[in-house]
Amino acid sequence: MRGGSAAGHAAELLVQAALMMGSGYKLGCYQPGIDDDHKDIVVVEKGGFSALYVQVKSTAQLDREGRVVCMADYPEGAVPESPRFVYVMTLIDEAQQRMARCWLVGSVDFNRLAYRQHSAERPGRVVLQFSCVASGDAVWDGFEVAPLALGAAVERLLETAAEDTRFDVEAVGT
């Protein structure tokens, strides 16, 4: 996407706005100070104690084959997966300053369905590729959500996602 990280940040802000407004402001969205673990947005239900983590991937144009293509790059063997970790893939309409289309994909499904790329130039890394034919794609169509319905869809996910009861003692500085 033109604009690199600035365009990616703009897409994250559009997703945050859709989550909050689309849930009737029942959801709160927070961006971690550092994006070093692929959690762009932390989503919480106001008054609750559960969180959902969102990785936003976006593009502003279809590729030459008419596909929406978004990629996530990870160290081999360290691809995150949790019922509380989801991807929001977006096709951004920059002229209208809005999400034209979006797909909400749980990490378990994304990790199973995404194409995997390995390259000699980046040993030890794997790129997971969301490659969706815009005119209709049997693999990804079931994950498409109307941008105005994204907040309600994530709200339902947050309510039904399994609780993650792990407690990281090192994170609290014992």
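Positions are given from 1, in the same order as the sequence printed here.
Across every non-hydrogen atom of Leu19 and Ser23, the tightest pair is O-OG, 3.0 Å. When all heavy atoms are compared, the tightest approach of Ala100 to Pro147 is O-CG, 3.8 Å. Nearest approach of Ala51 to Val42, heavy atoms of both residues: CB-CG1, 4.0 Å. Here the closest non-hydrogen pair linking Ala134 and Arg101 is O-NH1, 2.8 Å. Scanning all heavy atoms of the two residues, the minimum distance from Leu91 to Ala60 falls at CD1-C, 4.0 Å. Considering every non-hydrogen atom in both Asp137 and Cys132, the closest pair reads OD2-CA, 3.3 Å.
At distances below 3.5 Å, not a single donor-acceptor pair connects side-chain atoms of Asp93 with backbone N or O atoms of Arg98. Although no hydrogens or angles enter the test, the distance criterion places a donor-acceptor pair under 3.5 Å between the side chain of Asn111 and the main chain of Ser107. When atom types are taken as modelled, the side chain of Arg67 and the backbone of Phe130 share no donor-acceptor pair closer than 3.5 angstrom. Distance alone, capped at 3.5 Å, places no donor-acceptor pair between the Asp63 side chain and the Val68 backbone.
Following chains of ILVMFWY side-chain contacts shorter than 4.5 Å, one cannot reach Val43 starting from Met20, and the two form parts of different hydrophobic clusters. Under the 4.5 Å side-chain heavy-atom criterion for Ile, Leu, Val, Met, Phe, Trp and Tyr, Val126 and Val105 are members of the same hydrophobic cluster. Note: the hydrophobic cluster containing Leu104 also contains Leu14 (ILVMFWY, side chain heavy atoms under 4.5 Å, direct or indirect links). Using a 4.5 Å cut-off between side-chain heavy atoms of Ile, Leu, Val, Met, Phe, Trp and Tyr, with links allowed through other members, Phe143 and Val139 fall into the same hydrophobic cluster. The hydrophobic clustering, which links ILVMFWY residues whose side-chain heavy atoms are closer than 4.5 Å, places Leu62 and Trp103 together.
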Stepwise salt bridge (Lys or Arg N to Asp or Glu O under 4.0 Å) check, Glu76 with Arg125 = CA-CA 5 Å; Glu76 186 76 49; Arg125 304 288 300 182; over 6 Å; no
Before giving the answer on side-chain contact (heavy atoms from CB on, under 4.5 Å), spell out for Val44 and Leu27 the whole-Å C-alpha distance, their side-chain angles and the decisive distance to 0.1 Å.
-> CA-CA 6 Å; Val44 297; Leu27 298 179; over 6 Å; no
Check against side-chain contact (heavy atoms from CB on, under 4.5 Å), Gln129 and Arg116 | CA-CA 6 Å; Gln129 183 184 97; Arg116 285 179 159 53; over 6 Å; no
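Tyr87 and Tyr74 have perpendicular rings, their planes meeting at more than 60° on a 0 to 90° scale where under 30° would count as parallel.
Put simply, the side chain of Asp40 does not reach to within 4.5 Å of the side chain of Val54, judged on heavy atoms. Residues Val88 and Leu150 have side chains in contact (heavy-atom distance under 4.5 Å, counting atoms from C-beta outward). Looking at Trp140 and Glu144, their side chains never come closer than 4.5 Å, going by heavy atoms from C-beta outward. Looking only at side-chain heavy atoms (C-beta outward), Tyr30 and Ile41 stay at 4.5 Å or farther from each other.
Distance check: Ser131 OG to Glu65 CD gives 7.5 Å after rounding to the nearest 0.5 Å. One distance of note links CG of Leu158 with CZ of Arg84; it measures 6.0 Å at 0.5 Å rounding. In this structure, OG in Ser58 is found 5.5 Å from CD1 in Ile92, a value given to the nearest 0.5 Å. Atom CG in Leu52 sits 9.0 Å away from atom OG1 in Thr160 (nearest 0.5 Å). Between atom CE of residue Met89 and atom CD of residue Gln55 there is a gap of 8.0 Å, rounded to the nearest 0.5 Å.
Salt-bridge check for Glu45 with Lys26: failed, with every basic side-chain N at 4.0 Å or more from each acidic carboxylate O.
A donor-acceptor contact under 3.5 angstrom links the side chains of Gln31 and Gln16, judged on distance only.
Ring centroids of Tyr53 and Phe85 are separated by 6.0 Å or more, keeping the two rings apart.
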